[in-house]
Amino acid sequence: MEKLRTIASNYGTPVLVMDLEVVRQNYLNLVENIKNCKVYYAVKANSHVEILKLLRDLGSYFDVASRGEIEKLLSLGVEPYRMSFGNTIKKTEDIKFAYENGIRMFAVDAEMEIEKIAAVAPGSNIYVRISTNGMEDDADWPLTRKFGTSVSHAIELVKYAKENGLNPIGLSFHVGSQNYNPENWRTAIREAAIVFEEAKEFGVKMTMINTGGGMPVKYVRSIPAVKDIAKVINEAVEEYLGDNITVIVEPGRSMVGNAGIMITRVILRSQKSEEKWLYLDAGVFHGLTETIQNIRYRITVDGKEDEELETFVLAGPTCDSVDVMYYDAQLPKSTTIDDLVYFHATGAYTSEYATNFNGIPSPKIVFENGVISEVEQYAESVKVEKE
Ligand SMILES: *Cc1c(COP(=O)(O)O)cnc(C)c1O
């Protein structure tokens with residue numbers, strides 16, 4: 001882990017180290033395994049220009065959520081036909097901006113969104129997002145309640161879009177981020193097929209299924225391989241939707257998550273009645289935001305890999321009591337001030353969420369090819385929290 005120590009001392013902590021080789025591999029892995037597939041990278045997971053440039057050059061498409069993301073991609077020379085405006089909650093002025101810049105693909109899950117698009121982006125392609133009925137506990141970061149709608153409402157929306165002069169090309173869903181069960185993709189595709197069939201009744205032939213994101217990253221629990229999820233998607237598309245269907249995947253987490261490692265440093269250790277506390281120089285407001293829901297990162301401490309583990313409360317540096325990552329972190333017993341603490345597989349939804357709260361700067365980002373394969377070898381030999 002010499003490389004990581006060097007980066008920590010050269011750049012200071014906290015620092016997120018990203019390995020583009022891993023991103024490239026993740027991209028190729030998807031394209032090779034899913035039939036008739038187009039990859040739309042969910043930019044919100046990590047919008048660093050180095051990542052966007054790499055994916056641009058690999059031929060990727062992009063799922064964008066705002067004018068800001070569109071502008072960033074346009075400035076990098078990404079053509080508008082490679083972008084899908086996949087946020088179901090868009091400002092009218094942003095839809096207009098997208099349309100004027102050549103984007104013709106929009107997600108909807110409500111009548112009013114269709115009216116907005118029809119008004120300022122006439123004739124555009126739209127797809128309807130359905131909410132999935134996957135098993136509740138399969139995703140660490142659910143995205144079902146706020147987004148998408150029922151199958152019966154989706155049928156109405158397809159009809160309504162057509163009546164408003166738009167072109168309904170297909171459906172989308174998202175099984176929830178960090179989903180551990182491939183069967184959820186099958187269930188969603190089966191439900192989508194009902195809408196495809198009904199739409200034919202009123203003369204709309206749809207040809208696209210957007211399977212969203214949700215593919216997991218290896219944190220603490222074991223995960224299904226991309227190949228296993230791809231197999232379910234391929235089977236379900238063939239069985240329920242047939243041939244000549246374009247399959248869109250929108251990986252965010254699984255494109256960049258395992259390509260990053262966050263290096264933080266302990267700045268205080270204390271004992272409060274029964275609890276041992278460790279405070280780091282990064283926390284919930286500085287990139288480790290997803291710890292407040294169910295994301296359980298793998299954590300190691302530099303130089304203390306062979307030590308017995310103990311329970312700590314692991315907290316960030318800000319003056320806010322929400323800034324606690326875990327109340328039951330399992331870390332080496334002697335962990336203390338100045339130790340480097342590594343958060344593995346933190347390339348997704350970390351730098352994007354980081355703030356400057358309390359005047360504390362967000363983590364720097366450093367790119368270093370090949371670093372992750374070294375980290376993985378190291379990580380295999382380290383005692384960590386059990387699954
Ligand atoms: C966030 C998001 C994704 C990416 O999801 P992951 O679980 O990170 O892969 C894909 N599609 C849409 C519409 C999203 O909002």
Side-chain angles (χ1 to χ4, degrees), residues 22-23 26-27 29-30 33-34 37-48 51-52 55 60-66 68-70 73 82-90 94 98 103 105-110 113 126-132 134 138-149 154 170-182 184-185 188 192 208-219 221 223-226 229-230 233 247-260 289-290 293-295 297 345-353:
V22 178
V23 180
N26 289 339
Y27 177 84
N29 204 10
L30 274 175
N33 282 289
I34 301 179
C37 149
K38 279 186 180 171
V39 175
Y40 282 69
Y41 172 57
V43 173
K44 74 176 191 286
N46 190 327
S47 69
H48 196 286
I51 293 165
L52 300 181
L55 290 169
S60 184
Y61 294 71
F62 297 88
D63 170 53
V64 296
S66 67
E69 290 183 353
I70 294 168
L73 288 170
R82 287 163 78 181
M83 297 181 215
S84 162
F85 206 156
N87 190 345
T88 50
I89 308 147
K90 298 174 281 298
D94 289 3
I103 295 172
M105 201 165 146
F106 301 89
V108 302
D109 67 1
E113 197 70 10
I126 61 98
Y127 55 92
V128 178
R129 180 159 170 177
I130 56 169
S131 56
T132 57
D138 288 339
D140 280 345
W141 199 273
L143 293 168
T144 302
R145 190 167 174 192
K146 180 173 174 185
F147 308 102
T149 189
L171 288 202
S172 73
F173 60 83
H174 195 305
V175 295
S177 202
Q178 188 68 9
N179 197 304
Y180 293 92
N181 186 352
N184 288 318
W185 277 266
M208 184 279 274
I209 183 78
N210 177 338
T211 64
M215 292 192 190
V217 157
K218 177 77 176 80
Y219 298 125
R221 277 177 70 178
I223 58 166
V226 165
I229 297 170
I233 293 174
V247 178
I248 285 180
V249 289
E250 295 179 333
R253 187 184 303 281
S254 66
M255 185 73 89
V256 290
N258 66 341
T289 315
E290 287 200 308
Q293 198 149 292
N294 294 320
I295 299 296
Y297 293 119
T346 40
Y349 304 119
T350 47
S351 46
E352 293 296 321
Y353 278 139

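Numbering starts at 1 and runs along the sequence shown. Whatever order the structure lists them in is the order used to number ligands and atoms, beginning at 1. Since the structure is predicted, the reported quantities are computational estimates derived from the model, not experimental observations.
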Give the C-alpha distance, both sets of side-chain angles, the deciding distance and a yes or no for side-chain contact (heavy atoms from CB on, under 4.5 Å) between Tyr127 and Val108. CA-CA 6 Å; Tyr127 55 92; Val108 302; over 6 Å; no

Decide yes or no on side-chain contact (heavy atoms from CB on, under 4.5 Å) for Glu352 and Lys44, but give the supporting numbers first. CA-CA 7 Å; Glu352 293 296 321; Lys44 74 176 191 286; 5.8 Å; no

Starting from the C-alpha separation in whole Å, work towards a yes-or-no answer on side-chain contact (heavy atoms from CB on, under 4.5 Å) for Met208 and Met105. CA-CA 12 Å; Met208 184 279 274; Met105 201 165 146; 4.1 Å; yes

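Atoms of ligand 1 lying under 4.0 Å from at least one heavy atom of Arg253, given by number and element, are 6 (P), 8 (O), 9 (O). Every atom of ligand 1 with a heavy atom of Pro251 under 4.0 Å away is listed here by number and element: 9 (O). Of all atoms in ligand 1, listed by their number and element, those nearer than 4.0 Å to a heavy atom of Gly213 are 5 (O), 6 (P), 7 (O), 9 (O), 10 (C).
At least one N/O-N/O distance between Gly252 and ligand 1 falls below 3.5 Å. Considering both main-chain and side-chain atoms, Ser254 never comes within under 3.5 Å of ligand 1 through any nitrogen or oxygen pair. Of the N or O atoms in His174, one or more lie within a sub-3.5 Å distance of an N or O in ligand 1. Geometrically, ligand 1 and Gln178 share no nitrogen or oxygen pair separated by less than 3.5 Å. Taking any N or O of Ala42, backbone or side chain, none lies under 3.5 Å from an N or O belonging to ligand 1.
One finds a salt bridge joining Arg253 and Glu290 here, because a Lys/Arg side-chain nitrogen approaches an Asp/Glu carboxylate oxygen to under 4.0 Å.
Annotation: atom 7 (O) of ligand 1 to nearest protein heavy atom, Ser177 OG, 2.5 Å. When only non-hydrogen protein atoms are considered, atom 8 (O) of ligand 1 lies nearest to Tyr349 OH, 2.6 Å. Remark: minimum distance from atom 2 (C) of ligand 1 to any protein heavy atom is reached at Lys44 NZ, 2.3 Å.
Distances shorter than 4.0 angstrom occur between a heavy atom of Arg129 and an atom of ligand 1. Taking a 4.0 Å cut-off on heavy atoms, Ala45 fails to register as neighbouring ligand 1.
Judged purely by distance below 3.5 Å, without hydrogens or angles, the side chains of Tyr349 and Ser177 never pair a donor atom with an acceptor atom.
Closest of all the heavy-atom pairs between Ala98 and Ile70 is CB-CD1, 3.9 Å. Between Arg82 and Tyr40, the shortest heavy-atom contact is O-CE2, 4.2 Å.
Residues Asn184 and Thr132 form no side-chain contact, since every pair of their non-hydrogen atoms from C-beta on lies 4.5 Å or further apart.
With Phe85 as the aromatic partner, Lys90 meets the cation-pi criteria of under 6.0 angstrom to the ring centre and within 45 degrees of the ring axis.
In this structure, of Lys146, Met215, Glu250, the residue bringing a heavy atom nearest to atom 12 (C) of ligand 1 is Glu250.
The residue Asn179 has no part lying near ligand 1, judged by heavy-atom distances below 4.0 Å.
Relative ring orientation between Phe62 and Tyr41 is described as perpendicular, the plane-to-plane angle rising above 60° on a 0-90° scale split at 30° and 60°.
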